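Report on the structure given below.
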Amino acid sequence: MRKLTIKRTKTIVASLMKAQIYIEDPVNQELTINDVPCRKLGTLKNGEEKEFYIDEQPLKVFAIVDKITKDNCNDVYQIPAGNEDVSITGKHIFDVSGGNPFRFDNNVLTEEMAKNRKQAKNRGIITTIVGAVVGVLIYTLLLRPILFPDGAQTPKTFSYDGMSITLTEEFGKAQTGDKYDVAYGSKAVAVFVIKEEFTLEEGFGDLTLEEYADIIMQGVELEGVTPEIKNGRAHFKYDYLNPTTNETYWYFTYLYKTDDAFWAVQLATEEENLDEYSEKITQWAETVTFS
């Protein structure tokens with residue numbers, strides 16, 4: 001036997017979540033993660049470090065959020081064979097479309113691991129976009145044609161817990177699952193809103209908007225993307241190609257700081273709609289206010 005030490009680096013991202021740690025074990029199987037039989041080692045709270053005892057053969061260690069999302073929100077670390085103790089670290093990263101997954105540090109990615117991350121990212125984005133848009137589609141196909149004429153551009157203000165954004169009557173409230181506080185959508189654009197209250201973590205409210213944006217960008221892991229700080233908000237955008245559907249999505253993300261929370265308002269659309277909606281998305285973002 002040898003000792004495995006895992007430290008979860010303290011970060012604001014997913015601060016209230018417990019990372020679930022599993023080890024490859026075909027004999028005492030409790031859960032299957034990406035077709036690998038595993039047993040649970042334990043959980044890690046934000047900033048926590050724990051020691052576990054493991055066998056000396058090569059083993060895979062998984063970090064998941066929960067059993068429901070185990071196959072699309074996880075990371076795997078390959079521990080080589082040996083009798084020496086092993087120490088690894090990791091943290092949750094900010095990824096609003098992927099469920100803020102855990103990532104092991106200094107992980108030498110094998111082809112299998114890289115494929116696992118890519119597939120997990122794809123499934124996470126599909127789940128987020130499709131899951132939220134299911135409600136949007138129900139609204140669009142069943143309610144909007146009855147309530148509003150096609151192409152209705154009449155401004156309509158939506159409010160949630162002190163946040164307001166003015167869109168149009170083409171939009172309706174959408175289902176969000178557990179990844180967003182509220183979401184709205186039309187036939188072409190989805191709007192996702194996350195509120196992180198200062199009470200989530202001690203000292204959270206002492207951060208400036210710039211510091212909060214830096215933390216978010218550290219987790220986003222996007223090359224060449226820098227947030228723009230202007231008019232009391234931080235803004236960045238990025239695109240993502242879904243290799244399964246071969247469709248590219250554009251995400252426009254706006255970060256705000258209010259008296260009691262940080263907010264992320266994200267507007268998303270397919271690339272084919274970008275020319276038509278890019279300016280409108282910017283205009284809609286300009287209407288965000290807090291009371």
Side-chain angles (χ1 to χ4, degrees), residues 4-23 31 33-34 38 40-50 52 60-78 87-107 109 113-114 116-125 127-128 131 176-181 192-205 207 211-223 225 227 234 236 238 240 251 253 255 261-264 266:
L4 168 65
T5 302
I6 305 179
K7 180 177 181 179
R8 176 182 168 183
T9 304
K10 191 172 185 179
T11 174
I12 291 171
V13 179
S15 60
L16 297 184
M17 293 181 181
K18 289 184 179 180
Q20 312 285 325
I21 308 300
Y22 283 79
I23 190 81
L31 188 69
I33 304 175
N34 291 344
C38 300
K40 189 173 183 177
L41 286 179
T43 63
L44 288 175
K45 295 185 293 186
N46 198 22
E48 189 173 25
E49 177 180 309
K50 284 186 178 180
F52 309 97
K60 291 183 175 70
V61 176
F62 289 88
I64 67 174
V65 174
D66 54 44
K67 293 181 180 180
I68 296 176
T69 61
K70 63 183 177 66
D71 290 325
N72 62 14
C73 187
N74 69 62
D75 200 24
V76 57
Y77 190 98
Q78 179 66 62
S87 181
I88 54 180
T89 62
K91 62 181 180 297
H92 283 272
I93 66 169
F94 182 82
D95 181 353
V96 294
S97 63
N100 296 332
F102 189 93
R103 288 288 181 260
F104 289 109
D105 298 327
N106 304 315
N107 202 355
L109 294 181
M113 295 157 114
N116 173 63
R117 283 192 180 186
K118 184 175 182 180
Q119 289 178 339
K121 177 76 172 177
N122 294 344
R123 287 193 295 266
I125 288 178
T127 300
T128 299
T176 61
D178 58 356
K179 295 181 180 179
Y180 301 97
D181 290 297
F192 307 112
V193 180
I194 296 175
K195 179 183 182 182
E196 290 195 299
E197 296 183 355
F198 294 158
T199 54
L200 288 178
E201 186 173 323
E202 185 178 353
F204 191 16
L207 294 175
E211 290 171 333
Y212 178 69
D214 286 341
I215 292 173
I216 297 302
M217 294 309 300
Q218 289 173 18
V220 172
E221 296 187 336
L222 294 172
E223 295 183 2
V225 177
F236 63 92
Y238 62 95
Y240 172 77
Y251 298 85
T253 303
L255 307 177
F262 286 105
W263 293 75
Q266 185 173 62

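Bear in mind the structure is a predicted one, so any value in this text is a computation, not a measurement.
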Can you tell me how far the CG atom of D75 sits from the CZ atom of R103, to the nearest 0.5 Å? 4.5 Å

Minimum heavy-atom distance between T253 and L255, given as atom pair plus value: CG2-CD2, 4.1 Å

Those residues at least two apart in sequence (or on a different chain) that pass side chain to side chain donor-acceptor pair (under 3.5 Å) with K40 are Q20

Minimal heavy-atom distance between K18 and R8, with the atoms involved, is CA-NH1, 3.9 Å

With a 4.5 Å cut-off on side-chain heavy atoms, are L31 and Y22 touching? yes

Nearest heavy-atom contact between D105 and G90 is OD2-N, 3.5 Å

Parallel under 30°, tilted from 30 to 60°, perpendicular over 60°: which one fits the rings of Y238 and F236? parallel

Please name the pair of heavy atoms, one in T9 and one in N46, separated by the smallest distance, quoted to 0.1 Å. O-OD1, 3.7 Å

Could you tell me how the ring of F262 sits relative to the ring of F198: parallel (under 30°), tilted (30 to 60°) or perpendicular (over 60°)? perpendicular

If you take all heavy atoms of A261 and K195, which pair is closest and at what distance? CB-CE, 3.6 Å

Can you list everything that forms a side chain to side chain contact (heavy atoms under 4.5 Å, CB included) with K50? Sequence neighbours excluded, please. T43, L44, E48, F52

List in chain and number order the residues that pass side chain to side chain donor-acceptor pair (under 3.5 Å) with T5, two or more places apart in sequence or in another chain; answer none if no residue qualifies. none

Which pair of non-hydrogen atoms, one from V61 and one from F104, has the smallest distance, and what is that distance? O-CE1, 3.7 Å

